[in-house]
Protein chains: 4
Amino acid sequence: MAGETVITVVGNLTADPELRFTPSGAAVASFTVASTPRTFDRQANEWKDGETLFLRCSVWREAAENIAESLTKGTRVIVQGRLVQRSFETREGEKRTVVEMQVDEVGPSLRYATAKVTRASRGGGGGFGGGQGGYGGGQQGGYAAAGAQQGGGYNAPGGGQADDPWATGGSSAFNDEPPF
Amino acid sequence: MAGETVITVVGNLTADPELRFTPSGAAVASFTVASTPRTFDRQANEWKDGETLFLRCSVWREAAENIAESLTKGTRVIVQGRLVQRSFETREGEKRTVVEMQVDEVGPSLRYATAKVTRASRGGGGGFGGGQGGYGGGQQGGYAAAGAQQGGGYNAPGGGQADDPWATGGSSAFNDEPPF
Amino acid sequence: MAGETVITVVGNLTADPELRFTPSGAAVASFTVASTPRTFDRQANEWKDGETLFLRCSVWREAAENIAESLTKGTRVIVQGRLVQRSFETREGEKRTVVEMQVDEVGPSLRYATAKVTRASRGGGGGFGGGQGGYGGGQQGGYAAAGAQQGGGYNAPGGGQADDPWATGGSSAFNDEPPF
Amino acid sequence: MAGETVITVVGNLTADPELRFTPSGAAVASFTVASTPRTFDRQANEWKDGETLFLRCSVWREAAENIAESLTKGTRVIVQGRLVQRSFETREGEKRTVVEMQVDEVGPSLRYATAKVTRASRGGGGGFGGGQGGYGGGQQGGYAAAGAQQGGGYNAPGGGQADDPWATGGSSAFNDEPPF
DNA sequence: TTTT
DNA sequence: TTTT
């Protein structure tokens with residue numbers, strides 16, 4: 001009896017996702033995420049790549065079809081799901097167990113610039129209107145792009161805490177240099 | 001002295017991201033994620049929406065510019081980062097503190113079908129080839145698409161543990177009905 | 001290159017921890033956590049136990065010695081650490097890979113009442129004063145116990161947000177029935 | 001519509017937990033965790049303490065009573081729960097919102113040696129027999145203690161994957177120096 | 001192989 | 001087997 005084993009992994013696809021269908025027609029996609037931690041080596045006093053974790057992932061239904069269309073080998077992704085253990089038998093009749101992930105949420109990471117190019121599009125598109133229908137028809141892509149409110153200083157940020165500090169100019173957040 | 005407070009939140013943008021620049025030219029984007037948990041009400045014996053969490057998020061550098069281009073109001077996103085507390089002063093000179101998130105990774109969730117439409121594109125594009133080059137030029141969008149190996153029954157899935165069970169036909173994963 | 005794969009698992013020890021020492025004298029403890037998720041079966045409209053995840057865990061140094069002393073078979077624990085993959089060779093010379101956890105933080109869960117009994121003590125003890133000195137010597141155990149300020153209505157809760165709501169009487173948190 | 005916002009925080013109690021009871025008799029404990037991240041400063045090329053996060057936490061029912069007995073100011077704890085937002089009104093009638101945590105699991109961290117002392121006990125006690133009553137009656141405390149199998153080299157570790165590598169002598173895990 |  |  002335990003809460004949950006929901007985890008989030010960030011890494012790169014080792015190959016294009018595979019899409020299959022169950023007899024009843026449900027889509028299931030599977031892929032492997034390679035996640036290489038960066039750790040600080042106290043001895044050497046430098047950053048090093050740790051051992052890569054290769055984690056097998058399964059996605060069902062809509063999400064399965066979505067990722068088959070938009071994620072490819074090498075894509076950096078964010079994957080959230082539950083760790084599960086699956087038993088199976090080898091061809092030699094030996095029992096084995098593997099740890100895998102049943103994916104709840106998955107999407108491409110926008111952390112690096114390389115992610116940008118691919119979202120160029122013609123006549124509409126642009127933006128991930130995840131919501132209840134098609135928002136955002138009509139952005140033209142390009143740099144200024146995608147509906148971002150680049151300008152204003154006092155536009156209500158629409159959320160958060162009472163008397164939101166982001167709305168007040170001169171917040172420390174907008175002085176120099178990122179905090180990390 | 002504490003490990004980390006890395007968390008992952010899934011939710012929808014309450015507005016388009018705001019993009020600004022520090023005096024030194026570093027990009028910083030901010031947005032609010034609305035995350036509504038579904039919880040099972042034991043009394044009523046049914047699922048209900050919990051209280052929505054509105055969490056203010058900041059993103060720096062490349063990622064800031066990337067999201068300003070591709071995320072819009074309503075997008076369902078996966079956000080990973082560190083919880084931080086920020087102090088500020090109200091216009092009345094009162095000290096306040098808010099809990100926010102410094103984002104490490106963020107991207108659109110591909111969980112729902114609505115995410116699909118927006119990635120249609122002309123002459124290439126398509127797919128998030130996060131990697132260093134060929135983002136699968138040539139997919140036509142549409143359903144079969146995006147490099148997924150839809151066909152085979154026994155193609156090596158190229159991943160996972162020794163003697164990978166996914167390679168063996170008839171794995172339980174491909175029988176009927178998703179497990180959840 | 002990926003952020004981190006820090007995860008937290010809650011479950012029960014399948015056996016007492018094993019404590020060993022490296023040639024250089026570093027302590028390493030290992031144990032297996034059995035984590036059984038509860039999931040809501042939509043078909044049956046009821047809660048069921050999911051498949052149990054058995055996750056092998058390693059702990060080093062001080063923590064290794066601490067857990068060897070205080071955790072036993074069956075203990076419900078909270079374990080935080082990094083997922084790692086370890087390669088090894090079977091006696092038949094076959095290569096294998098397993099997913100395990102390198103533990104950063106671990107401790108007994110105080111969720112259930114059964115956890116209570118074992119902490120009874122004589123003349124001192126009681127309480128886990130992990131902090132910077134005085135572990136409250138002198139609590140007598142028993143129910144009212146352990147330094148909790150049961151009484152007051154307006155004692156400053158010493159932390160948190162400006163104008164902390166916990167300090168104001170009549171907060172909704174103290175009306176009837178827990179929210180879950 | 002969002003999965004969950006389950007998070008885990010590690011930190012120290014800023015004060016003893018406060019225990020109260022709702023009119024209907026349900027116990028609720030509250031406390032604040034101070035969590036100070038260690039981050040690597042690229043400029044200075046050294047580790048620094050980040051800004052401390054003070055997170056207000058609520059615990060209900062059994063767990064509330066358990067922690068009131070055993071956690072005290074300064075204790076290092078592992079806390080898992082859901083981030084929630086709570087609205088309230090200040091004495092001036094102003095609306096405010098705070099981010100807090102509804103705790104699912106909480107316990108003392110056994111990471112540091114200081115945690116050890118407090119578990120000394122007389123005639124029984126000792127160990128957290130989380131299970132079905134009092135296991136482990138009779139450990140004497142002290143170092144060898146608490147059911148740990150310190151000895152053997154080849155005792156079956158009882159867990160994990162097929163052909164468990166931990167059972168094989170000479171695993172890399174038992175060579176010199178911890179991996180971090 | 002654990003377990004409110 | 002991936003990868004800023």
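Within every chain, numbering begins at 1; the chains are lettered A, B, ... in the order of the sequence lines, protein sequences first and strands thereafter.
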d([atom1], [X]; [atom2], [N]) in whole Å:
X      : N     : atom1 : atom2 : answer
D:E105 : E:dT3 : CD    : C1'   : 12 Å
C:L110 : E:dT3 : CG    : C1'   : 16 Å
A:E51  : F:dT2 : CD    : C1'   : 14 Å
A:K48  : F:dT4 : NZ    : P     : 21 Å
A:Q85  : E:dT2 : CD    : C1'   : 12 Å
C:L71  : E:dT2 : CG    : C1'   : 14 Å
A:L13  : F:dT3 : CG    : P     : 10 Å
C:D49  : E:dT2 : CG    : C1'   : 11 Å

(request) Inspect the contact between C:E51 and A:R86 and indicate whether a charged nitrogen and a carboxylate oxygen are less than 4.0 angstrom apart. (result)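 No, A:R86 and C:E51 are not salt-bridged.
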(request) May I ask you to say whether B:E62 pairs ionically with A:R76, meaning some side-chain N is under 4.0 Å from a carboxylate O? (result)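 Salt bridge: no.
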(request) Could you verify whether a donor N or O on one side chain and an acceptor N or O on the other, from A:R56 and A:S30, lie under 3.5 Å apart? (result)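 Yes, A:S30 and A:R56 have a side-chain donor paired with an acceptor closer than 3.5 Å.
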(request) Taking atom types as modelled, find out whether C:T97 and C:Q85 have a side-chain donor-acceptor pair closer than 3.5 angstrom. (result)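 No pair is found: no donor N or O on one side chain lies under 3.5 Å from an acceptor on the other.
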Just compare [options] and give me whichever is closest to any side-chain atom of [X].
X     : options             : value
B:E62 : E:dT2, F:dT2, F:dT4 : F:dT4
C:T36 : F:dT2, E:dT2, F:dT4 : E:dT2
A:A34 : E:dT2, F:dT4, F:dT2 : F:dT2
A:N12 : F:dT3, F:dT4, E:dT3 : F:dT3

